[in-house]
Protein chains: 2
Amino acid sequence: MNNGRFATALHILTLLEIKKGELLSSEFIANSINVNPAVVRKEIGNLRAHGFIESKEGKGGGYSLGKPAAHIRLSEVYKSLNESPLLGRSNDPNPECPIGKQINGHLNDLFSSADKAFLNQLGKTTVKDFAKKFN
Amino acid sequence: MNNGRFATALHILTLLEIKKGELLSSEFIANSINVNPAVVRKEIGNLRAHGFIESKEGKGGGYSLGKPAAHIRLSEVYKSLNESPLLGRSNDPNPECPIGKQINGHLNDLFSSADKAFLNQLGKTTVKDFAKKFN
DNA sequence: TTGTACTGTAATAAGAATTGTTACAGTATG
DNA sequence: CATACTGTAACAATTCTTATTACAGTACAA
């Protein structure tokens with residue numbers, strides 16, 4: 001669903017943790033990820049709204065983590081960029097059909113439990129844990 | 001990633017289980033899902049390749065389950081329609097950057113464990129379990 | 001107080017991925 | 001041989017995602 005975005009978001013957070021103490025510019029970050037700086041700023045807009053990142057405007061400005069990396073679970077990051085669950089239904093089945101009529105409800109139940117398992121696993125890792133893997 | 005397709009595939013399998021004994025046509029199935037019959041035939045092409053469905057060509061032909069519904073785990077169905085994992089990386093980070101250089105490997109590890117948790121949960125339900133929910 | 005180096009955000013374009021459609025050859029049945 | 005299906009390819013349309021451009025707003029520093 002939002003694959004690229006999650007990878008981008010995590011990449012950003014990882015850089016900020018590894019270079020903590022410094023303010024990183026969107027251009028620097030964009031260069032590491034190999035995307036356009038505006039994309040980074042947009043993504044950070046969301047991450048900041050969720051408190052993961054703080055920013056400083058103006059000359060000499062840039063980005064830093066908004067809270068300790070150990071307090072940012074990857075599940076929270078993931079959730080921050082899709083309000084919609086992992087496997088949203090896109091078809092709209094025929095309501096005349098007894099199966100079609102009921103299936104969305106059952107699919108949602110199924111999806112939400114699988115989603116939960118997924119998030120639960122992601123939540124075992126924090127940004128700090130993840131960043132520690134780099135040398 | 002392949003949301004709609006999974007929903008479609010499961011819808012098809014559920015219909016076949018509920019109406020077992022009969023051969024269902026792509027048109028009948030398409031009507032319940034509310035998509036084009038060719039889409040159903042295409043999706044079934046994949047499900048058949050994995051042994052979940054059998055088909056009979058020609059007049060009076062149609063589809064039926066290729067094995068007992070109790071033996072089809074939803075995780076297998078899910079896997080059958082994406083060789084690629086749930087959260088494939090789409091960016092290609094800068095290999096000049098020490099972080100960019102390593103991140104894909106670490107992301108893959110992360111993704112694959114979350115994927116596993118997801119599939120593990122889906123695998124707790126079979127097509128038979130799922131179909132039983134309908135009345 | 002002005003130039004410089006940043007962020008914030010909107011508008012738009014481009015590209016990729018998904019889904020739908022049409023068409024028709026192939027096959028079984030009666 | 002007519003009929004009713006599946007199988008599959010080619011193409012069109014749509015939707016989703018990502019990239020690009022542009023520029024206003026803000027802080028710093030000389």
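Residue numbers start from 1 in every chain, and the chains themselves are labelled A, B, ... in the order their sequence lines are given, proteins ahead of strands.
One atom, CG of A/Asn34, and another, P of D/dT18, lie 14 Å apart when rounded to the nearest Å. Whole-Å rounding puts the B/Glu43 CD to C/dT19 P distance at 9 Å. Atom C1' of nucleotide C/dT19 and atom CG of B/Asn46 are separated by 16 Å, given to the nearest angstrom. Going from atom CD of B/Glu27 over to atom P of D/dG7 covers 15 Å, rounded to whole Å. In this entry the distance linking CZ of A/Arg5 with P of D/dC16 reads 14 Å, nearest Å. Atom C1' of nucleotide C/dA28 and atom CG of B/Leu23 are separated by 12 Å, given to the nearest angstrom. Rounded to an integer number of Å, the gap from B/Arg41 CZ to C/dA23 C1' is 11 Å. Remark: P of C/dT12 and CG of A/Asn36 are 18 Å apart, rounded to the nearest angstrom.
Classification of the B/Phe111-A/Phe6 ring pair by plane angle, with boundaries at 30° and 60°, yields tilted. Using cut-offs of 30° and 60° on the angle between ring planes, the pair A/Phe134 and B/His106 is perpendicular.
Residues B/Arg41 and B/Ser26 have side chains that bring a donor and an acceptor to within less than 3.5 angstrom of each other.
By the neighbour-count criterion of 12 heavy atoms within 6.0 Å, atom NZ of B/Lys67 is densely surrounded, having more than that number from other residues, nucleotides or ligands.
Minimum heavy-atom separation, B/Thr125 to B/Phe130: CG2-N, 4.1 Å.
For B/Tyr63, counting side-chain heavy atoms from C-beta on, the closest listed nucleotide (C/dT21, D/dT20, D/dG7) is D/dG7.
Judged as a salt bridge (charged side-chain N to carboxylate O under 4.0 Å, His left out), and not counting sequence neighbours, the contacts of B/Lys20 are B/Glu17.
Position along DNA chain D of the nearest nucleotide to B/Arg48 versus B/Lys42 favours B/Arg48 as the more 5'-ward residue. Toward the 5' end of DNA chain C, the nearer of the two residues A/Gly45 and B/Val39, judged by each one's closest nucleotide, is A/Gly45.
Between the side chain of B/Asn31 and the backbone N or O of B/Phe28 there is no donor-acceptor pair closer than 3.5 Å.
Note on A/Ser26: a side-chain N or O is less than 4.0 Å away from OP1 or OP2 of C/dT7.
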#### Entry: Footprint string (nucleotides 24-30 of chain D, 5' to 3'): B base within contact, S backbone only, - free, heavy atoms under 4.0 Å
--BBB--
